[in-house]
Amino acid sequence: MELMMMLVLNTLFIAKDSVNNVSELSAKPQKKLIEFGWDEPSTEFMREHVSEMEKTAFDGTIFHVNYKKQDGSVGNFTWECWGKKTFTESELKPAIDDLKNTKFTKLTHNFLRFNVSPGDVDWFDDFSAIIANAKLASKFAKESKIKGILFDIEQYTAQIFNYSKQRDNATKSWDQYADQVRKRGREVMEAFQSEYPDVTIFLTFGYCLPWAEMGGKRNLSEVSYGLLAPLLDGMVDSALPTVKIVDGYELAYSYKDVSHFAPGYKMMSDDVLKIVNANHKKYRSVFSFGFGIWMDCSWREKGWNTEDFAKNFYTPDEFEKTVNTAIKTTDEYVWIYTETPKWWTNAGKPDKLPQEYTDALKRAKGEQ
């Protein structure tokens with residue numbers, strides 16, 4: 001999830017006077033905090049540790065779904081859903097039962113993670129397995145009474161959005177691929193909403209990622225996430241009025257200067273319209289704009305110090321200020337990403353997570 005930190009830095013060129021173009025940034029009662037990181041729970045973990053998880057400031061989490069393979073080993077639907085395997089309801093039923101037997105009181109905005117991996121299917125290939133899996137994920141979300149699906153578009157295993165890496169780029173033009181990807185976007189959106197007409201689709205990135213990669217100088221055909229734009233066009237095309245699509249704006253991972261949030265919001269709401277080929281009015285009505293904050297950002301370079309907080313990317317006070325500004329600016333969702341510190345563990349308590357940071361998060365949300 002440390003995708004292209006250089007892109008984060010590139011977004012900071014936006015003029016600060018664009019802050020004045022964003023409506024007043026006042027906190028609203030419907031703002032939600034979502035947890036996402038290396039402590040990502042399975043449905044079994046959530047069933048066993050829900051009381052521990054609900055002691056945090058979060059309103060929901062991102063989780064994955066395990067299943068049992070024929071040889072008895074454990075597989076992961078989240079990492080295998082965008083490929084050639086068509087999953088069955090029976091394979092996911094134990095996970096559904098886990099959630100049905102979990103009494104959520106505070107964590108009511110949970111999202112099933114749906115990755116674009118293994119990504120071994122070309123856009124012109126048989127897409128029936130991917131569409132079936134998207135429909136199954138939707139049915140899972142509806143039956144489990146969760147908020148929706150976290151559609152993680154990061155190219156972990158294959159560059160499916162990079163036109164230069166497509167199998168047939170020598171014989172098929174950018175326009176041909178873009179048209180085909182937009183068609184697939186319609187199909188995927190129709191599958192997501194088929195079983196869950198008021199589903200929330202949470203994206204780690206929306207149009208903001210290819211827009212940032214372009215930097216005002218390159219075309220969509222030249223950037224690594226260029227084909228994400230037509231995929232989203234197709235999703236907007238097919239989206240029901242009851243559906244919500246969230247741009248999670250992972251570009252905010254390292255926002256320490258809080259003046260960047262308003263321009264970031266403007267990027268999602270206005271600037272990206274130059275690459276939105278779907279209906280602009282519908283884009284604005286179906287999309288919700290959020291922010292992702294990486295609490296232990298740059299820990300590989302700076303480390304993660306549980307005693308001397310000045311050595312971390314964010315001190316607790318800086319973290320509080322950043323999250324609070326994100327909450328004030330977002331339409332609804334802010335998600336907190338972590339790798340080294342864990343909010344919950346099998347031991348029934350956090351790990352490498354100083355109390356000062358948990359208190360800072362609660363203050364940012366107004367719970368202390």
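One-based numbering along the sequence shown.
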Looking only at heavy atoms, the pair that brings Glu52 and Gly348 closest together is OE1-CA, 3.1 Å

Answer yes if the side chains of Asp317 and Thr315 hold a donor-acceptor pair under 3.5 Å, and no otherwise.
-> no

Provide the closest heavy-atom pair for Val243 versus Met189 in the form atom of the first, atom of the second, distance.
-> CG1-CE, 3.8 Å

Ignoring hydrogens and angles, tell me if any N or O in the side chain of Tyr163 forms a donor-acceptor pair with the backbone of Trp174 under 3.5 Å.
-> yes

Report yes or no: does Trp344 contribute a side-chain atom to a donor-acceptor pair with the main-chain N or O of Thr56 at less than 3.5 Å?
-> no

Do Lys321 and Glu318 sit within salt-bridge range, that is, some charged N less than 4.0 Å from a carboxylate O?
-> no

Under 3.5 Å, is there a donor-acceptor pair between the side chain of Gln155 and the main chain of Gly119?
-> no

Within a strict 4.5 Å, meaning less than it, do heavy atoms of the Ile275 and Pro210 side chains meet?
-> yes

So does Lys84 have more than 12 non-hydrogen atoms from other groups sitting under 6.0 Å from NZ?
-> no

Is Asn110 reaching over with its side chain to a backbone N or O of Gly60, donor-acceptor style, under 3.5 angstrom?
-> no

Under 3.5 Å, is there a donor-acceptor pair between the side chain of Lys172 and the main chain of Ala170?
-> no

Criterion ring pair (Phe, Tyr, Trp, His ring centres under 6.0 Å) against Tyr337, the qualifying member of Trp299, Tyr253, Tyr314, Trp38 | Tyr253

List the atom of Lys31, the atom of Thr330, and the distance in Å for their closest heavy-atom pair.
-> NZ-O, 2.9 Å

Between the main-chain N or O of Leu33 and the side-chain N or O of Lys365, is there a donor-acceptor pair closer than 3.5 Å?
-> no

Of Val65, Asn133, Asn66, Leu112, the one forming a side chain to side chain contact (heavy atoms under 4.5 Å, CB included) with Leu92 is Val65

Give the ring-plane orientation class for Trp304 versus Tyr357, where under 30° counts as parallel, over 60° as perpendicular and anything between as tilted.
-> tilted

Assess the side chains of Gln159 and Ser224: does a donor N or O sit below 3.5 Å from an acceptor N or O?
-> no

Which of Thr61, Asp152, Thr78 passes side-chain hydrogen bond (donor to acceptor under 3.5 Å, both in side chains) with Arg113? Answer is Asp152

Hey, does Val223 have a side-chain heavy atom less than 4.5 Å from the side chain of Phe161?
-> no

For Phe77, which of Phe140, Tyr67, Phe87 qualifies under ring pair (Phe, Tyr, Trp, His ring centres under 6.0 Å)?
-> Phe87

Verdict with reasoning, Ser173 to Asp175, per side chain to side chain donor-acceptor pair (under 3.5 Å) | CA-CA 5 Å; Ser173 68; Asp175 288 339; 5.1 Å; no

Phe151 and Ile201: which non-hydrogen atoms are nearest, and at how many Å?
-> CB-CG2, 3.9 Å

Please answer whether the main-chain N or O of Arg47 pairs with a side-chain N or O of Asp98 as donor and acceptor at a distance below 3.5 Å.
-> no

Asp71 and Ser73: side-chain donor and acceptor closer than 3.5 Å?
-> yes

Report the C-alpha distance between Val188 and Ile131 in whole Å, list the side-chain angles of each, state the deciding distance to 0.1 Å, and finish with yes or no for side-chain contact (heavy atoms from CB on, under 4.5 Å).
-> CA-CA 6 Å; Val188 169; Ile131 300 304; 3.8 Å; yes

Kindly indicate, with the supporting measurements, whether the criterion side-chain contact (heavy atoms from CB on, under 4.5 Å) is fulfilled by Phe58 and Leu361.
-> CA-CA 9 Å; Phe58 295 110; Leu361 188 64; 3.6 Å; yes

Is there a side-chain contact between Glu91 and Lys85 (heavy atoms, below 4.5 Å)?
-> yes

Qualifying residue, where the test is ring pair (Phe, Tyr, Trp, His ring centres under 6.0 Å) with Tyr333 and the options are Phe111, Phe287, Phe291, Tyr249 = Phe111

Is the shortest heavy-atom distance from the side chain of Ile336 to the side chain of Phe319 under 4.5 Å?
-> yes

Looking only at side chains, do Glu250 and Thr204 share a donor and an acceptor under 3.5 Å apart?
-> no

Ring centers of Phe124, Tyr177 separated by less than 6.0 Å | yes

Pair Lys106 + Glu367, salt bridge at N-O below 4.0 Å | yes

Near Glu301 CD, under 6.0 Å, is it more than 12 heavy atoms from other residues, nucleotides or ligands?
-> yes

Backbone N or O of Thr242 within a donor-acceptor pair of the Asp198 side chain at under 3.5 Å?
-> no

Centroid-to-centroid, Phe127 to Trp82, below 6.0 Å?
-> yes

Here the pair of heavy atoms bringing Glu40 nearest to Ile62 is CG-O, 3.4 Å

Quick check: does any side chain N or O of His109 sit under 3.5 Å from a backbone N or O of Ile34, one acting as donor and the other as acceptor?
-> no

State plainly whether the residues Lys32 and Asp59 are in salt-bridge range, i.e. N to O under 4.0 Å.
-> no

Just wondering, are more than 12 heavy atoms of other shown residues or ligands nearer than 6.0 Å to CD in Glu356?
-> yes

Is a side-chain N or O of Ser117 found less than 3.5 angstrom from the main chain of Trp79, in a donor-acceptor match?
-> yes

Can you tell me if NZ on Lys55 sees more than 12 non-hydrogen neighbours from other groups inside 6.0 Å?
-> no

State whether Glu320 and Arg363 are salt-bridged, where the test is any N-O pair (Lys NZ or Arg NE/NH1/NH2 against Asp/Glu carboxylate O) under 4.0 Å.
-> yes

Do Asp125 and Trp123 meet the criterion of a side-chain donor-acceptor pair at a distance under 3.5 Å?
-> no

Do Asp126 and Ser128 have a side chain donor and acceptor closer than 3.5 Å?
-> yes

Are Lys183 and Asp179 within salt-bridge range, i.e. N to O under 4.0 Å?
-> no

